Amino acid sequence: MAHIIVVGNEKGGAGKSTVSMHVATALVRMGHRVGTLDLDMRQKTMGRYCQNRTAFLDSKGIDLPTPRYIELPEVAPEQLAPGENVNDRRLTEALAILEPQSDFILIDCPGSHTRLSQVAHSMADTLITPLNDSFIDFDLLARIDGATDRILGPSVYSEMVWGARQLRAQTGRPPIDWIVLRNRLGVQQMINKQKMESALDRLSKRIGFRIAPGFSERVIFRELFPRGLTLLDLRDIGVRALNISNVAARQELRDLLVTINLPGVTVKF
Ligand SMILES: Nc1ncnc2c1ncn2[C@@H]1O[C@H](COP(=O)(O)OP(=O)(O)OP(=O)(O)O)[C@@H](O)[C@H]1O
Ligand SMILES: [Mg+2]
């Protein structure tokens, strides 16, 4: 059985697609077979990322390890069982296509609540949630008392994950390993940073997730997408000397993969 990694957060722009592409590509580079799906039917950022990669590599005449991306197959209404949801079926069929040839299947979710994203969460062996380092993003995980910083209770996204965990428990599958990582960490705003760290730490124990070292805010992430590249590809496209920021970013990716601790994966890059 392929190990399913879901990258989700109902907050837009938290870094889901960037993390998805980096984790998927890192795994392929380390010799694993990776299939990917994009449940953001409108933006299809992950799909675009993969298409950009193929186009860029073709134009340069180079071949680099690339995850396999497929679109959700179309399903005609007459193929559906009575009451069956068309998108659920499309997801099941996509997984059936990828499963035989994948060690890992990575599913990138949209930045809003959809039924399909919820279904995918209940299928996750590993769930990765990138979070901008801001209490606006934290608010989707839990409500916090502004005066005392006390956590008042879980909010929409955490409740959705809780529901997914319940559903999964009923099917007898092992629990979801949920990892939250802080993205776009800045060098300034020390007070906000410490408050976030403390709040996340307390919340992780309360609702059951692990915290991974995150990514700093770096221009390079925005430059990679049009060429479909990741931090790990720079040397192979002829960037001889990586600058300090790129080396540090690679290290952050490495630390993330070590923390995620996927089965059968020894992180080597
Ligand atoms: N650590 C970072 N430093 C700088 N820019 C970043 C970083 N992480 C992501 N970005 C940029 O932020 C934007 C949003 O990232 P991304 O598309 O990965 O988020 P998302 O969660 O998938 O968004 P959506 O909810 O719309 O699907 C992109 O332009 C991306 O290049
Ligand atoms: Mg996205």
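Given the structure is predicted, the values throughout are model-derived calculations rather than measurements. Start at 1 and go down the list; that is how both ligands and their atoms are numbered. Here, residue 1 is the first one in the sequence, and each next residue gets the next number.
- Distances below 4.0 Å separate heavy atoms of S17 from the following atoms of ligand 1: 18 (O), 20 (P), 22 (O).
- Side chain to side chain, S198 and D201 fail the donor-acceptor criterion of an N or O pair below 3.5 Å.
- Taking a 6.0 Å sphere around NZ of K195, one finds it holds 12 or fewer heavy atoms contributed by other residues, nucleotides or ligands.
- A side-chain donor from one of T66 and R53 sits under 3.5 Å from a side-chain acceptor of the other.
- Side chain of N9 to main chain of P130: a donor-acceptor pair is present (N/O by atom type, distance under 3.5 Å, no hydrogens or angles).
- Each of the following atoms of ligand 1 lies closer than 4.0 Å to a heavy atom of G12: 25 (O).
- Counting only residues at least two apart or on different chains, the ring pair (Phe, Tyr, Trp, His ring centres under 6.0 Å) pairs with a member in residues 38-57 are Y49-F225.
- Counted by atom type alone, S245 and R218 present one or more donor-acceptor pairs between their side chains at under 3.5 Å.
- Contacts with ligand 1 closer than 4.0 Å are made by no heavy atom of L224, backbone or side chain.
- At a cut-off of 2.8 Å, measuring from the Mg ion (ligand 2), the protein N, O or S atoms that fall short of it are S17 OG, waters left aside.
- Geometrically, ligand 1 and Q43 share a nitrogen or oxygen pair separated by less than 3.5 Å.
- For ligand 1 and G111, the ligand atoms under 4.0 Å from any heavy atom of the residue are 25 (O).
- Checking R29 against T25 by side-chain atom types alone, no donor-acceptor pair falls below 3.5 Å.
- Using a 4.0 Å cutoff on heavy atoms, A14 counts as a contact of ligand 1.
- Residue S216 touches ligand 1 through its backbone alone, judged by heavy-atom distances below 4.0 Å.
- Remark: D58 CG is packed, more than 12 non-hydrogen atoms of other residues, nucleotides or ligands lying under 6.0 Å away.
- Distances from atom 18 (O) of ligand 1 to the heavy atoms of N9, T18, D40, L131 put T18 nearest.
- The closest side-chain donor-acceptor pair between R115 and Q118, if any, does not fall under 3.5 angstrom.
- A donor atom on one side chain and an acceptor atom on the other are found under 3.5 Å apart for D108 and S17.
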